[in-house]
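Read the numbers this way: they start at 1 and go in the same order the structure lists the ligands and their atoms. Fair warning: this is a prediction, and the values are worked out from it, not measured in the lab. Here, residue 1 is the first one in the sequence, and each next residue gets the next number.
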Amino acid sequence: MNHYAITMPQLSDTMTEGVVVTWEKQPGDRVERGDIVATVETDKAIMDVEVFKAGYLAGPLAEVGATVAVGAPLGYITDTPGDVAIARDEVVSEQAQTEMIPHHAGTPIVMPQLSDTMTEGVVVTWEKHPGDAVKRGDIVATVETDKAIMDVEVFQDGYLSGPLADVGSVVEVGHPMAFIVSDPAKVSDTGVTIGADHKVKETHAIAPAPADKAAAAPAPRPIPAPVSASGNVPPRARVPGRKVSPYARKLAAQLGVELAGLAGSGPEGVVIATDVARARPSMAEVAHALPQVDVPGQGRPMTSMEKAVAHAMTASLTLPTFHVTVNIDTAKLTAAAKANKVSVTVAIAKACSLAMADFPRMNWAYQPIDKLVERANHDFGIAVMSNDGGLVVPILHGIEKKSLADLQGDWAGLVERARVRKLAPAEYANPTFTISNMGMLGVTHFTAIPTPGIAAILAIAANGPHGTPFTITADHRVLNGADVARYLTALKAIVEAPDSWIQGSGVAGQASASVAAAVAASASPAAPAVSPIPEGNWDVQVVVVGGGPGGEDCARDLADHGVKVMMVNNEPFPGGECLWRGCIPSKAWRAAADVIRNRAHDAEMGVDGTNTPKLNWEQVEKHRRWVQSARGDMALKADRGMKIDVREGFGEFVDAHTLKITPVEGEPYTVTFGAAVIATGAPAFVPPIPGAREHLATGGVVTSDTIWNLASPPKKLGIVGGGVIGVEMAQIFRDFGAEVRMLERHDRILADVEEEIAKSLIAALEKEITLVTGADIREISGEPGRMALRYADKSGAETVFECDVVLMATGKRPDTSRLNLDRVGVELDGAAIKVDARCQTSVPHIYAVGDVIGGYMLAHTAATQGRVAAHNLLGEPARYDQDRDCAVTFSRPQAGFVGLSVAQAKAKGIDAVEAKIPMSIDAKAMITGETEGMIKLVADKATGRIIGVHFLADHTDTLIGTAVMMVAGEMTLTQVAQAIFPHPTQTELFGELARRLLNRLRRTLKK
Ligand SMILES: Cc1cc2nc3c(=O)[nH]c(=O)nc-3n(C[C@H](O)[C@H](O)[C@H](O)COP(=O)(O)OP(=O)(O)OC[C@H]3O[C@@H](n4cnc5c(N)ncnc54)[C@H](O)[C@@H]3O)c2cc1C
C-alpha cells in the first residue's frame, strides 16, 4: 500500500504559504493523471492543483480556507480504493507529482521538450500578444533550448492569454508558458517572470507594446527556410491501443525510437515527447554517473546550452580515442570551391564523404553494448560559431548523394539558422561524422572531441608552412590507427586535386570507390600550370579570329604571357562593333544629347539663357569620328607593340589546325595554329518583316550597323524593337529634336531589365516618345526621307507612321555560316557557338568568346570572356561567371545592374532580400534635379553577401563601379554598412542601403 503526499508548492520566491480555496475531488474519489484536485490561493493568484499520479484521493485534506505552509501536505493519494484517510501517525515521504496552473487560465501552452537533453527553455520572443487570435499550427513564441532557438507551435484555436512567461524567463519542460482561452472576454493580460529556479519572481500586467511597435499589425515573419529532407521525416505510425502525442510521434521518427513498449507519462498515459526522449540514453545521465570531484567556491548554475555541452563532453570520456594528423595543401580546393561558388566548408565535407567511399568505417558508430552501427548516410555535423559566440553543430545531410550545388543550398540555410540558433531537432541531432574548422582563427594545431554516436571528428587548423593540419580523433572501438591514416591519405589526394570532382558537380556527386584512387594517382603535388595549347610545328601557337573587345583582350593577355598569337580581323583597325558601330559612337551621340537635355534644367538651378541649345550635327559627327579613329589607332599600335601579329582579312577554318585568311587585297593564304579563339561578334538581326531587308540597301531602313551613315538626324524616327539599343537611340534622337515612335511586338519593352527598374524607365520614356507595345508590324515601304511604317496595335487597328527613317533595333544574332565550323566539329547552340564556363567549345583546343557565344552581348562581357579563354589556354583555370556581370543602359536616367535581381537569385535557390532607396531622397540628386529612379541592393540572407545592385539613376555609369566591387569582392552588408562614404555624394546611398537591410534582417531574425 503506497501513499503519496500532495504538498503546497512554492510557486514564487515570495510565497511561504497558500490558502486552500476548493477541493475539486473528495476523499475516495478516483484520480487520474492530469486531474485537477484542488485550487489554492498563493500570494500571486488562484491556482489549480493538477496531479500526475493516478490513484484515489485520501485524507486528511487541508480544510477549505486553511493556510498551508509551502511543502506541507494538502492531501494524499493512495493506490488502494476505499482508503479515504491515511493513518494518523503514518509518515509519507513519497510525493505525488503536481502541476500548479492558474485557475481558469485555459489550456496551457507548455514548454516543449525539443531535444533529448532539454530540461528547460528560455522564452526568447512572443510572436503573439495576449488577446491575439491563434490558430492550430500558429507559432506563438520562440524559445531557446540547449541547442538552438526554436519555434513554439500551438495545436488549438482560441485566444492567447496570460499569465505569459516573460521574455528571458526560464521555464521547465512541460510547464506552462501561456494559455489559450476560447472566449476573448476571458483573456488575462498578465505576465510572470520565472527565474532560473522555475519560480515565479514577479506577476504583473503585461506592459503595452512600445508605440513604435505596431502590435495590431505584426511585422511579417520571414518564412522559415525548409528543413533538409531528413528533417521532414514522416512521424512514426500510430501504435494500436496507445495514445501518443503528435510531437512525440514526430520526435520518435527523428530519433529512431520505437513507440511500442514506451511508458507514457502524459495525461491518461499518453506517450509524450519526454517519454520518447527518455527512451534514449541521456548524455546527462551518463555524465552524472561518472565520479564528480569537489570544486571549492560558489558556482553559478549553468545555462541550458552550457549544461548540454558539459554533459556531452563528459559522456565522451566513455570513448577510447586516439589522434592522427596529416598536412594537406588546401590552396587548390579553396580556389576551385570559389570558382564553383561553393563554400570551402561544403567542399571539404564533400571531400570527406568521397574519401569515405573506400573507408566506410569512418562513418560508423559504437552502440552500447557491443554493437556497431554501420551507416551509409553521410550526415556530417559541421561546427559553426553562433552570433552570440557559442558553438552550434548543424548537420549537412545526404552528402554522399547530393551535388555540391545542392549541398551549398542546404548549407546556406543551415548556417543562417545555426547562427541564430534556430535549428530544428533533425538539423542537429545524430550526425554520423563531425568537422570542426578553426583555420580562420589561426590555430596551428588542435584536436576535437568526438561525442557518443560518432566514431571520428576532424579538426582543421590554420594553413602552415607544411600545409593545413587535418587531425582526426577517432573511437578505437570502431577504428584503428591504420584505418584513419589511410583515410587521411585518401582525403589528402582528393583535397589536393579538386578539379576532377568539383567541376561539373552539378550532377549528383558520384562517390564511387574509385574516386580516391583515381585522384591519388593523378595528383602531382605542386604541379605547375600546364598550357593545353597542343604542341606542334604551327605557324602560331594561338590564332584569334576577330579583333573586337573579346578577341583583342584575349590576344593581349596571351601575348603578355609570351604566347605567339595572331589576331585576324576583317577590318583595318581593331575595336570591333564596340568601337566602330556600338558603344563608343552611340555614347558620343549620347554625350551631345546629354548636353541638350541637361540645359533644359539650368533655369531651375538659377542659370538663365542656356536653355536654347542648337545641334551642330557636322560637329557631333566630326567629334565622334575623331574619338573612334584616335582610339582605333591607339589600339592597333598597342597590339603591335605587344607583338600581336595583327592581320586584316576574313578568317575561315580549313581544318582543326588551319585557318584561311582572305585579305582585302591580295590572295587568300593559310596559317596553321595550335589553338584558336573565335571572337567574331554578332551582327544586327533583321526579322523578315515585309520591306525591312529590302530597304536596308536604300538606307530607308537602318540597323545599329548602318545608322552611322545618316547624313542628318531624322525629324521623325520609327524604331522597331524595344531593347536597350532601341531605347538608347530613341532618347538620343528625341533630344536631337525628332518625333519618335517605338513599336514593340511584346507586351513590355526592356524585357531583360529588372522589372521595377524597367517599369520606372518605361514611365519616363512614355513622357518623351510614343510607345506601342503588342504591335504587329505589317510592312515597311517608301524611300529614304519618306518611309511608311504600317502596323496594327493590340486591338488590331492598323496605323501608318510616316517617318524619315526606320531603325530596326530587333537584336543581334551570331552568324557563323562562313566560318566552316562543321569542318572542325565546333558545335552550335542555336545560332551561337556552344561553350562551357571556361569558354571552351566542343573541340578542346578551340575556344569562343563574346557576342558569338550569345548570353549578355556586351563589350566588357566579351573582353572578360577573352581573358578567361586566354587563362585557360595558359593552363590557369578560369571561368566566366554571369552572376557577377553587369550592364548600363545609357538612357536618361540610366538603368544598370550588377549581379542578380531578387527574382534571379530566388530562381537559383538563394534566399535573397533587397532594400531600395528612391533617388528623390538623395541630397545630391535634389541639388542637381536628377531625382528620378532608385537604387536597389540585393543580398543573400544566409551569408549577408551583396549579390546584386540595380540602378535607375542619372549617374549609374559611375556609381555602378562601387557596386561592381561589392559583388565581385563578395562584400557583406556589414562591410558596406561600416564603410565611410564621402558626403554629399550618391555613394552614401550604398552605406544607407546596407544598414537598412542589416537592420531589417536583424529585426526579422530576432522576431
Ligand atoms: C548601338 C550599340 C551600342 C552598344 N553599346 C554598348 C555599351 O554601351 N556597352 C557595352 O558593353 N556593349 C555595348 N554594345 C555591344 C558591344 O558592341 C558588343 O557586345 C561587343 O562589341 C562584342 O564584342 P566581340 O568581341 O564579341 O565582337 P565584335 O565587337 O563584334 O568584334 C568582332 C570582330 O570580328 C570581326 N570578324 C567577324 N567575323 C570575322 C572573320 N570571319 N574573320 C575575321 N574577322 C571577323 C568583326 O569585323 C569585328 O571586328 C553596343 C552595341 C551596339 C550595336
[X] N/O to ligand 1 N/O under 3.5 Å:
X	result
Glu728	no
Arg581	no
Ala859	yes
Glu577	yes
Asn569	yes
Phe650	no
Val888	no
Gly550	yes
Gly651	yes

When you measure from [atom] to every protein heavy atom, which one gives the shortest distance, and what is it?
atom	value
atom 32 (C) of ligand 1	Ala679 O, 3.4 Å
atom 45 (C) of ligand 1	Asn570 OD1, 3.4 Å
atom 6 (C) of ligand 1	Cys583 SG, 3.2 Å
atom 52 (C) of ligand 1	Gly582 CA, 3.4 Å
atom 26 (O) of ligand 1	Asp851 N, 2.9 Å
atom 21 (O) of ligand 1	Cys578 N, 3.2 Å
atom 8 (O) of ligand 1	Lys587 NZ, 2.7 Å
atom 31 (O) of ligand 1	Gly548 CA, 3.3 Å

Review point. Heavy-atom distance under 4.5 Å between the side chains of Ile780 and Val701, does that happen here?
Key: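 The answer is yes, as the side chains (C-beta and beyond) meet within the 4.5 Å cut-off.
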Review point. Do Val949 and Ile935 come within less than 4.5 Å of each other through their side chains, counting heavy atoms only?
Key: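 The answer is yes; the side chains approach within 4.5 Å.
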Check your understanding: Among the heavy atoms of Gly649, does any lie under 4.0 Å from an atom of ligand 1?
Key ->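 Within the 4.0 Å threshold, so yes.
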Exercise for review: Could you tell me if any non-hydrogen atom of Val568 lies under 4.0 Å from any atom of ligand 1?
Suggested key: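 Yes.
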Salt-bridge test for [X] and [Y]: reply yes if a basic N is under 4.0 Å from a carboxylate O, no otherwise.
X	Y	result
Arg734	Glu739	no
Glu802	Arg741	no
Asp881	Arg884	yes
Lys936	Glu756	yes
Lys716	Asp804	no
Lys637	Asp633	yes

Practice item. Kindly indicate, with the supporting measurements, whether the criterion side chain to side chain donor-acceptor pair (under 3.5 Å) is fulfilled by Ser891 and Thr889. Key: CA-CA 6 Å; Ser891 47; Thr889 301; 5.4 Å; no
Ligand-residue contact atoms, ligand 1 with [X], heavy atoms, under 4.0 Å:
X	result
Leu819	41 (N)
Pro549	21 (O), 23 (O), 24 (P), 25 (O), 29 (O)
Phe890	8 (O)
Ser586	3 (C)
Gly547	33 (C), 34 (O)
Met857	15 (C), 19 (O)
Gly850	26 (O)
Val545	40 (C), 42 (N), 43 (C)

Review point. Considering only heavy atoms, does Thr861 approach ligand 1 within less than 4.0 Å through its side chain, its backbone, both, or neither?
Key: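 Answer for Thr861: neither.
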Check your understanding: Would you say Asp752 has more than 12 foreign heavy atoms packed within less than 6.0 Å of its CG?
Key ->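 Open.
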Exercise for review: Identify the two heavy atoms, one from Ala656 and one from His845, that lie closest to each other, and give their separation to 0.1 Å.
Suggested key: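 Distance-wise, the nearest heavy atoms are O-NE2, 2.7 Å.
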Review point. In terms of ring plane angle, is the pair Trp617 and Phe736 parallel, tilted or perpendicular, where the classes change at 30° and 60°?
Key: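 Rings of Trp617 and Phe736: perpendicular, as their planes differ by over 60°.
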Check your understanding: Are Tyr880 and Tyr856 close enough that their ring centers fall under 6.0 Å?
Key ->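 No, too far apart.
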Point to revise | Glu621 and Trp589: CA distance, side-chain angles, deciding distance, side chain to side chain donor-acceptor pair (under 3.5 Å) verdict | key: CA-CA 8 Å; Glu621 287 296 82; Trp589 279 357; 2.7 Å; yes
Point to revise | cation_pi(Arg818, Phe650) dist<6.0 Å, angle<=45 | key: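 Ring-cation test returns yes.
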Check your understanding: Only one of Arg892, Glu768, Arg590 forms a side-chain hydrogen bond (donor to acceptor under 3.5 Å, both in side chains) with Gln731, so which one is it?
Key ->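 Answer after filtering Arg892, Glu768, Arg590: Glu768.
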